[in-house]
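Here the structure is a predicted model, which means the values were calculated and not measured.
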Amino acid sequence: MKKKANIKGLVLKIASRCNLNCSYCYMYNLGDTSYLNQPKHMQNEVVDAIINQVKTYSKQYKVEAFEFIFHGGEPLLAPKAFFRGFVAKARKELAGISLSFGVQTNGTLLDAHWCKLFKELEIGIGISLDGPESINDIYRLNKNGKGSYETVLKGIEIARMHQVNFGILSVVNPETEAAQLYDFFKSLQIKAIDFLFPDHHYDFLPKVYRQKNMSPQYTPFGDWWIKLFDRWFTDTEDKPGIRFLSQIILMIIGIDNGFETIGQQENNYLIIETDGSIEASDYLKACGDGFTKEGKNVLFDGFDKAIYANLIALHRQSHKQLPKRCSQCFIKKVCGGGHLAHRFSRLQGFDNPSVYCFDLMKLITHIQNVIVKRLPTDIINATGLSPITYAEALKALPLTKVETHTL
């Protein structure tokens, strides 16, 4: 009987430092100082151990495809020779496996040389950009306090000139105009956008919730997402892909392609730090100093052992091990409780609904209602879909007295 492979890829923290100082960064500005104890760059012995562990794991589980994502810090602080050497070694040692490579960069160091290298090595690029200068430069700053927008835009233009496959990663700011932001990215001819919730939890609430108490009737992120969805869904002219919205649509009709943020699937990626440490999601660094450190290292631990470390195991099963309140929720199969990091509090650990619970519920019910109106009757009958209002979904939850009072 063929064994089931549980790891689909690795996020490799090849550089532990960054040339920017983004104020919302979970790596450097949310209380985790463990990066100071990390080597600045991943060394050859760690690279060899990574590839050997993947090789062993792939043979054991008959792995046919595997992904490596180069990350940081800022991965372009690593030398170009690192990328060339890693890809060559991986393709040689893991021959017979379909390998894919990606890099997530802030874009400020992208130039013609980098783009030529990534095109040659077939490495896809994710570039971080929050929007036009007035939005991006609120948080994404250089170490001298100046905004990064202009240099990122130059990097994007160079990537386009060299026909390198790239997409945009953008952090949601609910105080911006979603439709205008969408139109901005369209004006840049961006083909793929991955919008992310900012990394907050109950001990570090989003600014909009610190200004006004969380309640079922106050859903700034949900309202923002709904405006984005409506603009995107009704766009008929070469619209970009937006991963989170596409995931929700597919899951509503019964196709689970979720990942860390939503859905029912296991989280099938591990983080490898520059010293070889194996960790759960790097977003969990927002939960506290050294929070992700569990003593596992690729130099001496196989993936089969590492996945049973407490936090890694919880993260992998986080869409199945839901907080008590989620058990009665109508949308739990789509939402999956949200991202694990967004459930955290020092008082109750992860036994909380996401800080974005009401936002997610409002968005998902909105999308379901839009989809139901447009689906053919036979598909509606086959999937059992029906309209559900946000108010109806709320009634299924055991709300607190304070929450009920705000309805």
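- Ion pairing between Lys333 and Asp256 fails under the 4.0 Å rule for side-chain N and carboxylate O.
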Next on the checklist: Run Tyr24 and Arg140 through side chain to side chain donor-acceptor pair (under 3.5 Å) and show every step you take.
Outcome noted: CA-CA 8 Å; Tyr24 57 36; Arg140 302 192 61 78; 3.1 Å; yes
Checklist entry - Step by step, would you call Thr274 with His41 a side-chain contact (heavy atoms from CB on, under 4.5 Å)? => result CA-CA 6 Å; Thr274 53; His41 300 105; 5.8 Å; no
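- Screening residues 293-308 for side chain to side chain donor-acceptor pair (under 3.5 Å) gives Gln38-Lys293, Gln60-Asp304, Tyr61-Asp304, Glu279-Lys293, Asp301-Lys305 as the qualifying pairs, with residues at least two apart or on separate chains.
- Screening residues 372-383 for salt bridge (Lys or Arg N to Asp or Glu O under 4.0 Å) gives no qualifying pairs among residues at least two apart or on separate chains.
- In this pair, Phe68 and Phe101 present their aromatic rings parallel. The plane angle is below 30°, not in the 30 to 60° band.
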Item to check | Working for side chain to side chain donor-acceptor pair (under 3.5 Å), residues Glu273 and Ser16 | outcome: CA-CA 8 Å; Glu273 291 280 4; Ser16 62; over 6 Å; no
Next on the checklist: Run the ring-ring contact (aromatic ring centres under 6.0 Å, His included) test on Phe195 and Trp232 for me, step by step, so that the C-alpha distance in whole Å, both residues' side-chain angles and the decisive distance to 0.1 Å come before the verdict.
Outcome noted: CA-CA 13 Å; Phe195 289 104; Trp232 171 76; over 10 Å; no
Item to check | Test log, rule ring-ring contact (aromatic ring centres under 6.0 Å, His included), inputs Tyr390 and Phe358 | outcome: CA-CA 9 Å; Tyr390 176 51; Phe358 299 126; 7.1 Å; no
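- Of the N and O atoms on the side chains of Glu260 and His319, not one donor lies less than 3.5 Å from an acceptor on the other residue.
- Lys285 and Asp199 are not joined by a salt bridge, as no carboxylate oxygen comes within less than 4.0 angstrom of a charged side-chain nitrogen.
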Next on the checklist: Using side-chain contact (heavy atoms from CB on, under 4.5 Å), reason through Ile125 and Trp114 one step at a time and then give a plain yes or no.
Outcome noted: CA-CA 11 Å; Ile125 307 177; Trp114 277 115; over 6 Å; no
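- With hydrogens and angles left out, the side-chain atoms of Ser128 and Gln104 include a donor and acceptor closer than 3.5 Å.
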Checklist entry - How far apart are the C-alpha atoms of Lys119 and Gln163, what are their side-chain angles, what is the distance that settles it, and do they pass the side-chain contact (heavy atoms from CB on, under 4.5 Å) test? => result CA-CA 8 Å; Lys119 187 171 183 180; Gln163 299 180 324; 3.5 Å; yes
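- For the residue pair Asn19/Asn106, the side-chain donor-acceptor check at 3.5 Å is satisfied.
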Checklist entry - Run the side-chain contact (heavy atoms from CB on, under 4.5 Å) check on Leu110 and Ile158 step by step: do they pass? => result CA-CA 7 Å; Leu110 271 179; Ile158 293 170; 5.7 Å; no
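- Ring-plane geometry between Tyr356 and Phe221 is classed as perpendicular, the angle between the planes exceeding 60 degrees on a 0 to 90 degree scale with a lower cut at 30.
- Judged purely by distance below 3.5 Å, without hydrogens or angles, the side chains of Tyr182 and Asp235 pair a donor atom with an acceptor atom.
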Item to check | Derivation of the side chain to side chain donor-acceptor pair (under 3.5 Å) call for Asp282 and Tyr26 | outcome: CA-CA 8 Å; Asp282 48 351; Tyr26 59 81; 2.6 Å; yes
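- Between Phe233 and Phe229, the two ring planes are parallel [angle under 30°; tilted spans 30° to 60°].
- In the model, Lys13 has a side-chain atom that pairs as donor or acceptor with a side-chain atom of His71 under 3.5 Å.
- A side-chain N or O of Asn29 and one of Asn21 form a donor-acceptor pair less than 3.5 Å apart.
- Using a 30° and 60° split on the angle between ring planes, Trp225 and Phe197 fall in the tilted class, from 30° to 60°.
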Item to check | Residues Phe70, Phe86; criterion ring-ring contact (aromatic ring centres under 6.0 Å, His included); working and verdict | outcome: CA-CA 10 Å; Phe70 301 113; Phe86 188 101; 5.3 Å; yes
